[in-house]
Amino acid sequence: MNIYTKYLQSILLGISLMACSQTENKVNQNSTITADNIADEISKQVKHYPSEKIYTLGYSNDKCYFEMFVDGIKLTKAFNKALGNTAVEINHVLFKSGKHTISYKMYPLGKSKEYDEVFNMLVEDTDLEFDLKSYDLKNEKAPDTDYITYSLPKKKQEIAKGYTKEKFVGAGKTFYEGSFDVTIDVPYNSESPFKNAQDLRKMNKNELETKLLKKYKEVWNIYQNKEYDNIAKLEYNSLKDLYVSTYESKEVINKNINILFKEMYKSSSFKMQPIEKYKIEFFADGKLAALMLDTDDNRLRGNTALWAKVNYDGGTRGIFLNRYFYIPEGKNEFMAY
């Protein structure tokens, strides 16, 4: 599976537009980046090494939904199945070697196709397990390397004399979160653009929401008005981190970005959806903030309020433009990641 396919899977789901200004917006970041040069500028940052490890975080879950984070940055979400197992690559949220914190947030299953019972709380046999592995792009014949397996904390409960069973410690709750640390070695050393950002949790909540909503509307208009150079400026940092961390070739980067812009953003069917029913959430120890969709619709949960619909690959799909926002120290305006 190529990296663009994986990228698309992260933003596509099968499922009164706002009025927009025709005046082009100014973007306060990546001033030299355009839709024409973004692929080349990213390719210049990619380096190759004797060993090019791709780290994967596998998970299996039963009777719960959950979200996963690395160092407080949203990695993925699972609101689509009551039980299952798979793995996701995590290099794009690893900026350097060292200790990293993997955390998770768990939610009750509610109604599901897999169970007749409705689970309004986490239950005794709710289960969630993670395993960290890697494979080396420069040594494809080598087996995967296993690092750590993590299971939910459980306590033993005596059922009868001499007989006990394990019970999830979060049973009876409507929310549970936990974390564990891992040490990871990568050959590159990047610096996130929000490394020295302000802690947005310390801002006045009303002031933050007003300021953040204003920024969302600006970005909404950029996508709706098809301001391709400005879209490139907004997306450069996150796309660069994706391709640098996966050691991608110039050919693949060019192909994938061409598809993203020409087949998605330039499509006549591309329509931004209203910014509504949202809540503010913080990430990366308060350095990032986003307006997240506040919904029980499992097709939409866990995404930001910045999204569009587009006809792609044989149907109308949701494309989630999950931008997160930060304010650098000493500055007053939001920037996008």
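This structure is a prediction, so every number in the text was calculated from the model and none was measured.
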Please indicate whether [X] has more than 12 foreign heavy atoms, meaning atoms of other residues, nucleotides or ligands, lying under 6.0 Å from its [atom1].
| X | atom1 | result |
| --- | --- | --- |
| Glu140 | CD | no |
| Lys331 | NZ | no |
| Lys266 | NZ | yes |
| Lys154 | NZ | yes |
| Asp296 | CG | no |

Show your reasoning for whether side-chain contact (heavy atoms from CB on, under 4.5 Å) applies to Ser97 and Val186. CA-CA 5 Å; Ser97 298; Val186 292; 3.7 Å; yes

Pick from Tyr65, Tyr150, Phe66: which one makes a ring pair (Phe, Tyr, Trp, His ring centres under 6.0 Å) with Tyr104? Tyr150

Thr56 and Tyr135 side chains, donor-acceptor separation under 3.5 Å: no

Under a 3.5 Å cutoff, is there a donor and acceptor pairing between the side chains of Ser269 and Ser267? yes

With under 30° as parallel and over 60° as perpendicular, where do the rings of [X] and [Y] fit, or are they tilted in between?
| X | Y | value |
| --- | --- | --- |
| Tyr55 | Tyr147 | tilted |
| Phe130 | Phe180 | tilted |
| Phe79 | Tyr107 | tilted |

Please walk me through it: do Lys271 and Gln224 pass side-chain contact (heavy atoms from CB on, under 4.5 Å)? CA-CA 6 Å; Lys271 300 293 181 184; Gln224 180 64 19; 4.3 Å; yes

Indicate yes or no: does [X] engage [Y] in a salt bridge with an N to O separation below 4.0 Å.
| X | Y | result |
| --- | --- | --- |
| Lys74 | Glu281 | no |
| Lys53 | Asp136 | no |
| Lys138 | Glu52 | yes |
| Glu191 | Lys96 | no |

Taking the six-membered ring of Tyr188 (Phe, Tyr or Trp), confirm whether the NZ or CZ of Lys47 is under 6.0 Å from its centre and within 45° of its axis. no

Arg299 vs Asn80, side-chain contact (heavy atoms from CB on, under 4.5 Å): CA-CA, chis, key distance, verdict: CA-CA 7 Å; Arg299 298 170 299 175; Asn80 57 338; over 6 Å; no

Intermediate values then yes/no, side-chain contact (heavy atoms from CB on, under 4.5 Å), Phe168 and Lys173: CA-CA 10 Å; Phe168 170 44; Lys173 297 181 178 181; over 6 Å; no

